[in-house]
Amino acid sequence: MIKNTNIPLAPWGEDARRAGEGPRPLELLAPAKNLECGIAAIDHGADAVYIGAQRFGARAAAGNSVEDIAQLCRYAHQFGAKIFVTVNTIIYDEELNDTLQLVDELDSIGVDAILVQDMGLFSLLKQRKEPLHCELHASTQTDNRTAEKVKWLFDQGFDRVVLARELSIKEIADINKAIYQHPTPTTQQLPLEVFVHGALCVSYSGQCYASQYCFQRSANRGECAQFCRLAFTLKDANGKILESERHLLSLRDMAQINNLEKLAEAGASSFKIEGRLKDVDYVKNITAAYSEALNEVVRRNPDKYTRASFGRCTYTFSPNIQKSFNRGFTTYFAEGRKQRLVSFDTPKAMGEPVGKVKEIRGHSFNISTTTSFANGDGLCYLTPSGLVGFRVNKVEGNRIFPLRMPESLKPGTMLFRNLDQAFTTLLAKPSSERKIDISFHLYEENGKLTLSAKDEVGRTAKIQSDCELQPAAKPQEDNIRRQLSKLGGTIYQCKDIEIDTNAFIPSSVLANMRREIIEKTLSPLPHKGGEPLTPPKATPKTISTPYLYNYLYNASNRKAKEFYKAQGIEACSLEGFEHSGSLSTGEGGGRGHFLLMQCRYCLRNEMGFCTKSGKRAPWKEPLTISISDGREFQLQFDCKNCQMNVISINK
């Protein structure tokens, strides 16, 4: 068994944080596509879980019933962990009432936060006569890339902002500094949430319309068709083909596991793992890996940081992010602009490198490696035509017998393992337990046998037994400790037992007292909320940075338009991209070109010809990319803002 000790948060550390006292809680936020994944995330060290409801989440394929979410809340709250629900799509007028009803149901079952993108929904929730018990978080879909935008969202009344994935550690620190430069009760309460692991969107979140434009599937409605994972042909202004059928926009996956301490120092409080479509084995492994890494940050800085929930996890496996689905890893822009952000060859998972093919003999080959293999492993390698994968049928030492021998496999080929059968088998079984320390005190009070308990969360309980107390004929300590320590099937593990009685106590009495006090100790934590965190204040009447095109506001209902009108944006000129008729379907060639993506990733830089490098590009601009059906898109390099835009071309 591999131990992982979560550093417990002092009782009611959230209140201490708001008061600016004590170590700052650091939260590991894990994804869940369903109840099973949510419970697994808590068991493997998550301090919070985000999950989608049946509708209106940014992953249409990852919906859950209110009943399942309620069950997840009950499970998580035992550990002081939190449950956030994504209601972060744009909402149409005819959906507003249903969405409000859903939020009411979620609030009533004790969810801790709702993630929101739509400003119409947000304004309706803030106008309620009875305030929500849960917090409102500004989804990354609200395009949170500047200090001005983040501060504006806080001033509107959001309790947390999820920052854009593209931000560097320095930019996060600058945002945090800007927020706290002139502290107010509101800004002191609002943690910054950052993505640390998982798939990356090439466009700023909430600002991608390519899926809607090409396939009538709105990314802002949770139906992204993954336009950026397609193969593209790149041409210059003279029609010269620079790249043919390459995955030019398919980013590698983010992995900030070695940057958690730097991110915490920059002001991040919540570390988010992407993956609400991922299976339970992914959630287990990645959550455990980041939980261990975050624990190390806390151990090195006990006066500065603590974990945001309670309990100790014991794993049956060694967490390893390389063994779960990934497209290769990048820290993205964490430490500034770099190259090798994209895998041109494939958008699929390659896994961990395991060695090179040494020699091929008939229907088998051997590998120059120290890696151990198992029947059922998945191996793959790259060819000029793309990724080739195969399954291992039999292993004899370092000699591999594939189920079917790939024709293109040659000596010297680098192999990757994208399915580790032994690791997968471990994760398919119960692979972690999360336990909270509890201490007992057994004594006599007013002639009655009394048992008190206190857990590391700070919950306490006391019960008494009516059993007749008689002096023991022989020592009872060993039996008392044995009976009170039998906590299997509960979330507790016994830390200490203090005994102040010499009475004879039957084992059945001790067992009954143990069960009763555990039930009593597990009373729910006090539910925060019910009143606004701070008195309402005047809302700024000007929006932060105005958008160049009005559809970028994603105003798709009357309430959103009213909200922006109050910010100085004319409601009549707002029209969400999804509601803009031919604009959103690529029809109507006379309507001009449309901004479909805004990307911090730059293809010129990736190919080594950033204008700042001084290298002259061997092409004539503008550049265009095209997909297999012939549709073309222009690349616009906005060097002043260090941004690449993808523009539609209507012919």
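These numbers were taken from a predicted model, which means no experiment stands behind them.
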Undergrad: For a 4.5 angstrom cut-off between non-hydrogen side-chain atoms, does His137 reach Val161?
TA: no
Undergrad: Do Ser648 side-chain atoms and Phe594 backbone N/O form a donor-acceptor pair below 3.5 Å?
TA: yes
Undergrad: Is it the case that the side chain of Asn557 and the backbone of Ala560 share a donor-acceptor pair, with hydrogens and angles ignored and the cut-off at 3.5 Å?
TA: yes
Undergrad: Give a yes or no on whether the backbone of Val283 and the side-chain of Thr287 come within a donor-acceptor separation of less than 3.5 Å.
TA: yes
Undergrad: Carefully, step by step, assess Glu95 and Arg221 under the rule salt bridge (charged side-chain N to carboxylate O under 4.0 Å, His left out).
TA: CA-CA 12 Å; Glu95 297 170 334; Arg221 297 276 291 170; 2.8 Å; yes
Undergrad: Do Asn554 and Gln207 come close enough that some side-chain heavy atom pair is under 4.5 Å?
TA: yes
Undergrad: Under 4.0 Å between a side-chain nitrogen and a carboxylate oxygen: does that hold for Lys262 and Glu335?
TA: yes
Undergrad: Can the ring centres of His197 and Phe271 be said to be less than 6.0 Å apart?
TA: no
Undergrad: Assert yes or no for the condition that the ring centre distance of Phe84 to Tyr50 is strictly below 6.0 Å.
TA: no
Undergrad: How many angstroms lie between CG in Leu102 and CG in Leu106, if you round to the nearest 0.5 Å?
TA: 4.5 Å
Undergrad: Working note: Phe122 + Gln156, criterion side chain to side chain contact (heavy atoms under 4.5 Å, CB included); need CA distance, chi angles, decisive distance, verdict.
TA: CA-CA 9 Å; Phe122 172 72; Gln156 300 305 312; 3.8 Å; yes
Undergrad: Side chains of Asn238 and Trp619, heavy atoms from C-beta outward: is any pair under 4.5 Å?
TA: no
Undergrad: Ion pair present between Glu562 and Lys559, side-chain N to carboxylate O less than 4.0 angstrom?
TA: yes
Undergrad: Could you go step by step and tell me if Leu635 and Leu234 meet the side chain to side chain contact (heavy atoms under 4.5 Å, CB included) rule?
TA: CA-CA 10 Å; Leu635 300 181; Leu234 176 68; 4.1 Å; yes
Undergrad: Kindly check if the number of other-residue, nucleotide or ligand heavy atoms within 6.0 Å of NZ (Lys235) is above 12?
TA: no
Undergrad: Are any side-chain N or O atoms of Asn645 and backbone N or O atoms of Gln643, one a donor and one an acceptor, separated by less than 3.5 Å?
TA: no
Undergrad: Checking Val196 against Val194 for the side chain to side chain contact (heavy atoms under 4.5 Å, CB included) test, could you report, in this order, the C-alpha distance in whole Å, the side-chain angles of both residues, the deciding distance, and whether it holds?
TA: CA-CA 6 Å; Val196 294; Val194 298; 4.1 Å; yes
Undergrad: Are Glu578 and Arg217 close enough for a salt bridge, meaning some N to O gap below 4.0 Å?
TA: no
Undergrad: Mind listing the closest non-hydrogen atom pair of Ala32 and Val49 along with its distance?
TA: CB-CG1, 3.6 Å
Undergrad: Name the one of Ile172, Ile179, Thr142 that satisfies side chain to side chain contact (heavy atoms under 4.5 Å, CB included) with Val150?
TA: Ile179
Undergrad: Got a sec, which residues hit salt bridge (Lys or Arg N to Asp or Glu O under 4.0 Å) with Asp638, two or more places apart in sequence or on another chain?
TA: none
Undergrad: Given 3.5 Å as the limit, does a donor-acceptor pair link the side chain of Asn418 with the main chain of Phe325, or not?
TA: no
Undergrad: Could you grab the distance from atom CD of Glu243 to atom CG of Leu603, nearest 0.5 Å is fine?
TA: 8.0 Å
Undergrad: Supply the atom-to-atom distance Cys224 SG to Arg229 CZ, rounded to the nearest 0.5 angstrom.
TA: 9.0 Å
Undergrad: Does the ring center of Tyr332 lie less than 6.0 Å from the ring center of Tyr601?
TA: no
Undergrad: Any ion pair linking Lys620 and Asp236 (charged N to carboxylate O, less than 4.0 Å)?
TA: no
Undergrad: How many angstroms lie between atom CD1 of Ile647 and atom CD1 of Ile625, to the nearest 0.5 angstrom?
TA: 10.5 Å
Undergrad: Atom CG in Asp279, atom OG in Ser324: separation rounded to 0.5 Å?
TA: 10.5 Å
Undergrad: Is a side-chain donor or acceptor of Ser168 paired with a backbone partner of Glu171 at a separation under 3.5 angstrom?
TA: yes
Undergrad: For Ala266 and Asn176, which heavy atoms make the closest approach, and how far apart are they?
TA: O-CB, 3.4 Å
Undergrad: Is the shortest side-chain heavy-atom distance between Phe637 and Leu623 below 4.5 Å?
TA: yes
Undergrad: If I compare all heavy atoms of Val85 with all of Gly52, which pair ends up nearest, and what's the gap?
TA: CG1-C, 4.5 Å
Undergrad: Under the rule for side-chain contact (heavy atoms from CB on, under 4.5 Å), what residues qualify as partners of Ala334, not counting sequence neighbours?
TA: Ile169, Gln256, Asn259, Thr331
Undergrad: Per the salt bridge (charged side-chain N to carboxylate O under 4.0 Å, His left out) rule, what does the pair list look like for residues 604-617, sequence neighbours excluded?
TA: Arg604-Glu621
Undergrad: Side chains of Asn144 and Ile175: closer than 4.5 Å at any heavy-atom pair?
TA: no
Undergrad: Does any part of the side chain of Leu249, heavy atoms only, come nearer than 4.5 Å to the side chain of Met644, both counted from C-beta?
TA: yes
Undergrad: Can you tell me how far apart CG (Leu163) and OG1 (Thr146) are? Round to the nearest 0.5 Å.
TA: 10.0 Å
Undergrad: Please report the closest heavy-atom contact between Ala231 and His247, naming both atoms and the distance.
TA: N-ND1, 3.7 Å
Undergrad: Indicate yes or no: does Arg337 engage Glu166 in a salt bridge with an N to O separation below 4.0 Å.
TA: no
Undergrad: I'd like to know if Glu352 and Lys323 make a salt bridge, using a cut-off of under 4.0 Å between side-chain N and carboxylate O.
TA: yes
Undergrad: So, using side-chain contact (heavy atoms from CB on, under 4.5 Å) as the criterion, who are the partners of Gln127 when residues are at least two apart?
TA: Ser123, Leu124
Undergrad: Please name the pair of heavy atoms, one in Gly157 and one in Lys126, separated by the smallest distance, quoted to 0.1 Å.
TA: O-NZ, 3.3 Å
Undergrad: Is the shortest heavy-atom distance from the side chain of Ile273 to the side chain of Leu29 under 4.5 Å?
TA: no
Undergrad: Using the side chain to side chain contact (heavy atoms under 4.5 Å, CB included) rule, take Tyr290 and Lys272 through it: C-alpha gap first, then chi angles, then the decisive distance, then the call.
TA: CA-CA 10 Å; Tyr290 275 83; Lys272 187 172 193 171; over 6 Å; no
Undergrad: Who are the ring pair (Phe, Tyr, Trp, His ring centres under 6.0 Å) partners of Phe633, not counting sequence neighbours?
TA: Phe227
Undergrad: If you look only at distance, which donor and acceptor atoms sit under 3.5 Å apart when one is on a side chain in residues 341-348 and the other is two or more places apart or in another chain?
TA:
{"from": "Ser343", "atom 1": "OG", "to": "Thr346", "atom 2": "O", "distance (Å)": "3.3"}
{"from": "Asp345", "atom 1": "OD1", "to": "Arg246", "atom 2": "NH2", "distance (Å)": "3.2"}
{"from": "Thr346", "atom 1": "OG1", "to": "Lys348", "atom 2": "N", "distance (Å)": "3.0"}

Undergrad: Tell me whether Asn326 contacts the main-chain N or O of Asp253 through its side chain, where contact means a donor paired with an acceptor under 3.5 Å.
TA: no
Undergrad: So, does Arg24 use its side chain to make a donor-acceptor pair with the main chain of Ala264 at under 3.5 Å?
TA: yes
Undergrad: Side chains of Glu27 and Ser270 only: does a donor on one sit below 3.5 Å from an acceptor on the other?
TA: yes
Undergrad: Just by distance, do the side chain of Asp118 and the backbone of Ile91 share a donor-acceptor pair under 3.5 Å?
TA: yes
Undergrad: Quick one: does Asn220's side chain get under 4.5 Å of Gln117's, heavy atoms only?
TA: yes
Undergrad: Is a donor from one side chain sitting under 3.5 angstrom from an acceptor on the other, for Asp143 and Tyr547?
TA: yes
Undergrad: Taking the side chain from Asn64 and the backbone from Lys33, do they hold a donor-acceptor pair closer than 3.5 Å?
TA: yes
Undergrad: If the plane angle is over 60° it's perpendicular, under 30° parallel, otherwise tilted; pick one for Tyr209 and Tyr551.
TA: perpendicular
